[in-house]
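Data block below; observations after.
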Amino acid sequence: MPELPEVEVCRLGITPHIIDQQVTDVVVRHKQLRWPIPDEVQSLVGKKVLAIKRRSKYLMIEFSHGTLLIHLGMSGTIRVIDASTPVAKHDHFDLAFANKKALRLNDPRRFGAVLWLAEHVDEQGFLSKLGPEPLSDDFTHGYLFNKAKNRKVPIKTFLMSNPVVVGVGNIYANEALFKAGILPTALAGNLSEKRLNTLTDIIKKVLADAIEQGGTTLKDFTQADGRPGYFAQKLQVYGRAGEKCFTCQETLEEIRQSNRSSVFCPSCQQE
DNA sequence: AAGGCGACCTGGAAGC
DNA sequence: TGCTTCCAGGTCGCCT
């Protein structure tokens, strides 16, 4: 479900409900997600939520003694609910608060994660390996061009690689490449600086638009209050293989790259 | 070092 | 109807 916009929409949705709230209970119903949920999460009882941030696709809930990291994997969702709401299938983890609300993680495939980052324990390995935030000033003109030098991977695979830039998943990689007029198979190292700068601008725009629209609702993504996101209605290529390009009426094609589907317009997009 | 690919897991849709 | 196969928003870690 979640690429950067969906995680950001989730962050914005849950923040007003849990900011400054004191944790009254931590419930682990299924400890085995991508990694086991660490026992340290019990130390949150009695602590107050100081801030809710995001890095890449990780939600970061900050407390005085460390940070709770939540990753939604492919199928995870987080909702703020009344603490008394009956538990449903795949509800693996709850944080209950003094205001009788609870943050509840549901994740059928369990590719998600709940991790604990103690204060002063600087970035566990995976956080330190992440590339720049696409919506930040660290993701500038020239960055992709320099990063792509001598790289022989297809641009689509390159964009979805976290060490290059975070948060761009399969949906938005497909959409951004369509809007930039670049074929997903074009080799990253072969693209001109000008085209990669255009791509940089488009990635920022596509992600920002998606956040504004409340994310992309496919099967199971909803905002924290259960409302759907509306960006799905703006998708140009993702999920539209075999249908006509909105721009030129050509039939959209689909291929597989790194075991992920890529949809593109053979007429609007070039090497 | 860079690139390719299997692995992790469940469930819904499509195919037979 | 029911069984089988394929596919899905991510990303780690092993192999070449």
Side-chain angles (χ1 to χ4, degrees), chain A residues 1-11 29-37 54-59 69-78 88-93 105-115 123-131 134 146-176 184-190 203 206-207 210-211 213-223 228-232 234-235 237-242 254-263:
Chain A
M1 170 276 291
E3 297 182 35
L4 184 151
E6 290 73 39
V7 178
E8 183 64 11
V9 166
C10 176
R11 186 184 76 81
R29 297 190 193 81
H30 194 128
K31 180 173 176 151
Q32 196 57 49
L33 302 184
R34 178 171 194 134
W35 296 285
I37 299 176
R54 179 190 57 72
R55 172 77 174 105
S56 182
K57 297 167 189 166
Y58 292 91
L59 270 179
L69 296 188
I70 301 179
H71 196 292
L72 300 176
M74 288 277 258
S75 57
T77 51
I78 277 189
K89 199 172 182 182
H90 306 304
D91 282 345
H92 304 313
F93 177 82
L105 172 68
N106 181 286
D107 185 5
R109 294 177 73 180
R110 282 187 271 121
F111 288 171
V114 176
L115 301 168
E123 324 237 308
Q124 287 188 14
F126 46 89
L127 280 188
S128 64
K129 291 179 190 125
L130 296 176
N146 287 324
K147 204 79 180 167
K149 275 182 186 154
N150 303 317
R151 295 292 303 268
K152 297 190 172 105
V153 274
I155 185 66
K156 164 97 175 328
T157 310
F158 182 74
L159 278 188
M160 290 178 67
S161 156
N162 280 331
V164 172
V165 59
V166 302
V168 183
N170 202 35
I171 297 176
Y172 300 108
N174 276 302
E175 293 299 306
T185 48
L187 298 187
N190 287 352
I203 288 169
V206 167
L207 294 177
I211 291 169
Q213 295 292 314
T216 299
T217 295
L218 294 181
K219 291 188 184 68
D220 47 18
F221 173 74
T222 57
Q223 303 185 58
Y230 295 98
F231 195 76
K234 299 184 108 186
L235 295 178
V237 288
Y238 181 86
R240 297 195 61 242
E254 179 168 20
I255 57 172
R256 289 193 80 75
Q257 297 178 286
S258 304
N259 212 26
R260 312 300 298 274
S261 73
S262 300
V263 185

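Each chain gets a letter, A, B and so on, in the order the sequences are listed, and its residues count up from 1.
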Notebook entry, point to check: Rounding to the closest angstrom, what is the interatomic distance between dC5(B) and dC7(C) at atom P?
Noted result: 15 Å
Margin query: Going by the rule side-chain hydrogen bond (donor to acceptor under 3.5 Å, both in side chains), which residues pair with R34(A) if we only count those two or more places apart in sequence or in a different chain?
Written below: none
Tabulate atom names and distances for all N/O pairs under 3.5 angstrom spanning the protein and nucleotides 13-16 of chain C.
none

Which donor-acceptor pairs under 3.5 Å do the side chains of residues 148-157 of chain A make with protein atoms, sequence neighbours left out?
from: K149(A); atom 1: NZ; to: N146(A); atom 2: OD1; distance (Å): 3.1
from: K156(A); atom 1: NZ; to: N170(A); atom 2: OD1; distance (Å): 2.8
from: K156(A); atom 1: NZ; to: S261(A); atom 2: O; distance (Å): 3.4
from: K156(A); atom 1: NZ; to: S262(A); atom 2: OG; distance (Å): 2.8

Next item on the list: Using modelled atom types only, decide if a donor and an acceptor are shared between the side chain of R29(A) and the backbone of D91(A) within a distance under 3.5 Å.
Entry: yes
Note to self: Taking salt bridge (Lys or Arg N to Asp or Glu O under 4.0 Å) as the definition, give me every residue that meets it alongside R109(A), ordered by chain and number, with sequence neighbours left out.
What the structure shows: none
Note to self: By the 4.0 Å heavy-atom rule, please label D107(A) as base, sugar-phosphate, or nothing.
What the structure shows: nothing
Checklist line | Contacts of type side-chain contact (heavy atoms from CB on, under 4.5 Å), residue H92(A), not counting sequence neighbours | finding: H30(A), L33(A), H90(A), D107(A), R110(A)
Check: Residues two or more places apart in sequence or in another chain: which of them pass side-chain hydrogen bond (donor to acceptor under 3.5 Å, both in side chains) with R11(A)?
Finding: E8(A)
Note to self: Please find the pair of heavy atoms, one from N106(A) and one from K89(A), that lie closest to each other, and give the distance.
What the structure shows: ND2-O, 2.8 Å
Note to self: Taking ring-ring contact (aromatic ring centres under 6.0 Å, His included) as the definition, give me every residue that meets it alongside Y172(A), ordered by chain and number, with sequence neighbours left out.
What the structure shows: F231(A)
Margin query: Does S261(A) reach a base, just sugar-phosphate, or nothing at all? Heavy atoms under 4.0 Å.
Written below: sugar-phosphate
Note to self: Y58(A): which residues meet the ring-ring contact (aromatic ring centres under 6.0 Å, His included) condition with it, sequence neighbours left out?
What the structure shows: H71(A), F126(A)
Check: Does DNA chain C take part in any stems of at least 3 consecutive Watson-Crick or G-U pairs (both distances under 3.5 Å), and if so, which ones?
Finding: B:2-8 with C:10-16, B:10-16 with C:2-8
Can you give me the N/O atom pairs linking the protein to nucleotides 6-10 of chain B at distances under 3.5 Å, or say none if there are none?
from: dC9(B); atom 1: O3'; to: R110(A); atom 2: NH2; distance (Å): 3.0
from: dC9(B); atom 1: O2; to: R109(A); atom 2: NE; distance (Å): 2.8
from: dC9(B); atom 1: N3; to: R109(A); atom 2: NH2; distance (Å): 3.3
from: dT10(B); atom 1: OP1; to: R110(A); atom 2: NH2; distance (Å): 2.7
from: dT10(B); atom 1: O4'; to: P108(A); atom 2: O; distance (Å): 3.4
from: dT10(B); atom 1: O3'; to: H90(A); atom 2: NE2; distance (Å): 3.3

Note to self: Output the rounded distance in Å from CG (N170(A)) to P (dT11(C)).
What the structure shows: 12 Å
Notebook entry, point to check: To the nearest angstrom, how far is R260(A) atom CZ from dC5(B) atom P?
Noted result: 15 Å
Margin query: My understanding is that only residues two or more places apart in sequence, or in another chain, count here; which of them pass side-chain contact (heavy atoms from CB on, under 4.5 Å) with V263(A)?
Written below: V237(A), A241(A), L252(A), E254(A)
Check: Looking only at atom C1', what distance separates dG9(C) and dG3(B), rounded to whole Å?
Finding: 23 Å
Notebook entry, point to check: Sequence neighbours excluded, which residues qualify as side-chain hydrogen bond (donor to acceptor under 3.5 Å, both in side chains) partners of K234(A)?
Noted result: none
